[in-house]
Amino acid sequence: MGNVPTRLTADQARRVAVAAQGFAESRPRGPVTRAHLRRLISRIQVLQLDSVSVSVRAHYAPVFSRLGPYDRDVLDRAAWSHSARSPRILVEYWAHEAALMAVEDWPLLRWRMREYTHGRWGREIVKKNAKLVDDVVAAVSELGPSTAGEIEEFLGAEQRGRKGPWWDRSDTKWVTEALFASGVLTTATRVGFARHYDLAERVLPPEVLAREIDEADAVRELMLRASGALGVATEQDLRDYFRVSPARAKPAIAKLVADGALEPVEVDGWKQPAYLRAGQAIPRRDRGTALLCPFDPLIFFRPRVERLFGGFRYRIEIYTPAPKRQYGYYVWPFLLDGELVGRVDLKADRTGDVLNVVGAFVEPGRQPARVADALAGELRTMASWLGLSDVSVGGTGDLVRPLRRVLG
């Protein structure tokens, strides 16, 4: 493509990346619908799942960040229920990490399911328990959607005493999780975030189950999807999006380049070569304002975040002892007009009926008053979305005083 640049400035690369993730578009004026959700998933591909719920669970947040306040039941029904009038459009699997992805994309990861025949972890436990594997499948066949604990209970109390070597899981739970990883089981629904397993054949449409894709074709398609979600990316960026090994990714990327689907480019300040999705527009101005949860696809890969956003170093500090945390327990970076300008440690205080800003920080060189003014609006919107009546501001960080002034 003769009109595709061979070199991008750092600003151009950042604008491409932010736009590719859907932040350059206006939010819907009316209620967010299944159609909006389907379109968003076709763009960003995955919603990562995580058990932490200090403010809101991770898979709900990227939808809010891009589409604004929405009824979370829309996402719940799309992921964990099915009817003739409202068919399931999302399914769980190890896409990035544990994630929701489009149902029709499930066959793209069959090669990974084959790789995980004995599970992702605890494989020796599964290999030594062939009969238990059959027993778990038979139990789910009879029970229908069930938690690992319910499956264990059904199989008999003696299983509860047989513990695996890690995380104090029973053999039954290891086997159940392995069957999920291998594609025999999938998530039928979640209740209180607890996964209820069922046979994949009872959850997924027959045409999805019947679809077989050659591994090389599937990996190539995943790299193409990743390039669309990232806009401009190094090989390492592309690999990380679906956690694909170099051995699989390199030939896939080479073929996409040869076919003209990816265009090699250089980005100012990037040490590694990059690839631009063919036909990708280069935005002329910065757009996109949103709070980003730690598991947002825009900031999945921390080395990429530093490259894109002028050295913005971001780490999750959940497992860091409190006295050693730099910014807080569950910190949301703040995107303002396409740039990361601050971060806030947020906690939904249901008892106090407030969204609590435990700490707030402005990035060096940014204007605190401007950041606080924009951030206050996003926080009010988020509080309302979560059903909380107010926003409270703690005492940690250099942005708390200007933020308090704006919030009154």
Side-chain angles (χ1 to χ4, degrees), residues 46 48-52 57 59 79-82 88 90-101 103 105-206 208-213 215 218 242-245:
V46 294
Q48 186 171 340
L49 295 158
D50 189 79
S51 60
V52 177
R57 294 204 188 275
H59 58 289
W80 296 305
S81 68
H82 176 86
R88 181 191 307 268
L90 301 175
V91 66
E92 285 187 39
Y93 192 62
W94 295 107
H96 175 71
E97 285 295 317
L100 292 168
M101 61 188 293
V103 164
D105 292 344
W106 190 80
L108 290 173
L109 290 165
R110 283 191 186 276
W111 59 270
R112 180 166 288 166
M113 296 172 198
R114 289 191 291 269
E115 193 173 73
Y116 291 163
T117 297
H118 296 105
R120 191 179 184 192
W121 302 287
R123 296 183 181 190
E124 291 306 312
I125 297 171
V126 179
K127 289 178 182 178
K128 293 175 182 177
N129 283 279
K131 184 180 184 303
L132 182 56
V133 172
D134 293 338
D135 289 345
V136 169
V137 172
V140 174
S141 298
E142 184 168 344
L143 289 171
S146 313
T147 65
E150 289 169 341
I151 295 166
E152 187 174 66
E153 184 73 26
F154 181 84
L155 291 177
E158 71 276 3
Q159 291 294 339
R160 291 196 297 274
R162 297 170 58 190
K163 299 296 183 182
W166 301 329
W167 302 323
D168 203 31
R169 281 187 178 180
S170 70
D171 289 358
T172 300
K173 291 181 179 179
W174 280 115
V175 167
T176 303
E177 181 58 30
L179 287 165
F180 171 84
S182 66
V184 176
L185 302 180
T186 189
T187 306
T189 190
R190 279 184 181 262
V191 179
F193 203 64
R195 182 186 281 158
H196 288 240
Y197 301 88
D198 202 354
L199 301 177
E201 63 202 56
R202 296 202 295 219
V203 174
L204 299 174
V208 170
L209 284 168
R211 188 179 174 206
E212 292 287 347
I213 305 174
E215 179 178 324
F242 289 102
R243 298 293 167 88
V244 176
S245 69

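- With no hydrogens or angles considered, a side-chain donor-acceptor pair links Arg243 and His96 at under 3.5 Å.
- The local environment of CD in Glu142 is sparse, with at most 12 non-hydrogen atoms from other residues, nucleotides or ligands closer than 6.0 Å.
- Partner Ser146 forms a side-chain contact (heavy atoms from CB on, under 4.5 Å) with one of Val136, Thr176, Ile151 and no other, that one being Ile151.
- A cation-pi arrangement is present between Arg120 and Trp94, with the terminal nitrogen or guanidinium carbon under 6.0 Å from the aromatic centre and inside a 45° cone about the axis.
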Does Leu132 form a side chain to side chain contact (heavy atoms under 4.5 Å, CB included) with Asp171? I'd like the steps, not just the answer. CA-CA 8 Å; Leu132 182 56; Asp171 289 358; 3.8 Å; yes
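- Across all non-hydrogen atoms, the minimal contact from Tyr197 to Val140 is O-CG1, 4.0 Å.
- In this structure, His196 NE2 and Thr147 OG1 are separated by 5.5 Å, a value rounded to the nearest 0.5 Å.
- Rounding to the nearest 0.5 Å gives a distance of 7.5 Å between OG1 of Thr189 and CZ of Arg88.
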Quick one: do Asp198 and Leu185 satisfy side chain to side chain contact (heavy atoms under 4.5 Å, CB included)? Show the steps, please. CA-CA 5 Å; Asp198 202 354; Leu185 302 180; over 6 Å; no
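- Pairing each heavy atom of Gly183 with each of Trp106, the nearest pair is O-CZ2, 3.7 Å.
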In sequence, state the C-alpha distance, the side-chain angles, and the governing distance for Trp80 and Glu92, and then conclude on side-chain hydrogen bond (donor to acceptor under 3.5 Å, both in side chains). CA-CA 9 Å; Trp80 296 305; Glu92 285 187 39; 2.9 Å; yes
Could you go through Glu97 and Leu49, starting from their C-alpha distance and side-chain angles, then the distance that decides it, and tell me whether this counts as side chain to side chain contact (heavy atoms under 4.5 Å, CB included)? CA-CA 8 Å; Glu97 285 295 317; Leu49 295 158; over 6 Å; no
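- Asp105 places no side-chain N or O within 3.5 Å of a backbone atom of Met101 that could act as its donor or acceptor partner.
- Heavy atoms only, all atoms of each residue included: Pro107 and Arg211 are closest at CB-O, 3.6 Å.
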Decide yes or no on side chain to side chain contact (heavy atoms under 4.5 Å, CB included) for Ile213 and Leu108, but give the supporting numbers first. CA-CA 7 Å; Ile213 305 174; Leu108 290 173; 3.6 Å; yes
Check the pair Glu115, Arg110 against salt bridge (charged side-chain N to carboxylate O under 4.0 Å, His left out), reporting the backbone distance first and the verdict last. CA-CA 9 Å; Glu115 193 173 73; Arg110 283 191 186 276; over 6 Å; no
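- Between Pro145 and Glu150 the shortest heavy-atom distance is O-OE1, 4.3 Å.
- Of the inter-residue distances, the one linking Trp174 atom CH2 with Ile125 atom CD1 reads 5.5 Å to the nearest 0.5 angstrom.
- Put simply, OG1 on Thr117 and NZ on Lys127 are 10.0 Å apart, with the number rounded to the nearest 0.5 Å.
- Between Leu199 and Arg202, some side-chain heavy-atom pair lies under the 4.5 Å cut-off.
- To the nearest 0.5 angstrom, Thr172 atom OG1 is 11.0 Å from Glu153 atom CD.
- Once rounded to the nearest 0.5 Å, the distance linking CZ of Arg190 with CG of Leu100 reads 8.0 Å.
- Checked by atom type and distance alone, the side chain of Tyr93 pairs as donor or acceptor with a backbone atom of Ala181 at under 3.5 Å.
- The aromatic rings of His59 and Phe193 lie parallel to each other, their planes meeting at an angle below 30°, with 60° marking the opposite boundary.
- Contact between Ala178 and Val126 at its shortest, heavy atoms only, is CB-CG2, 3.6 Å.
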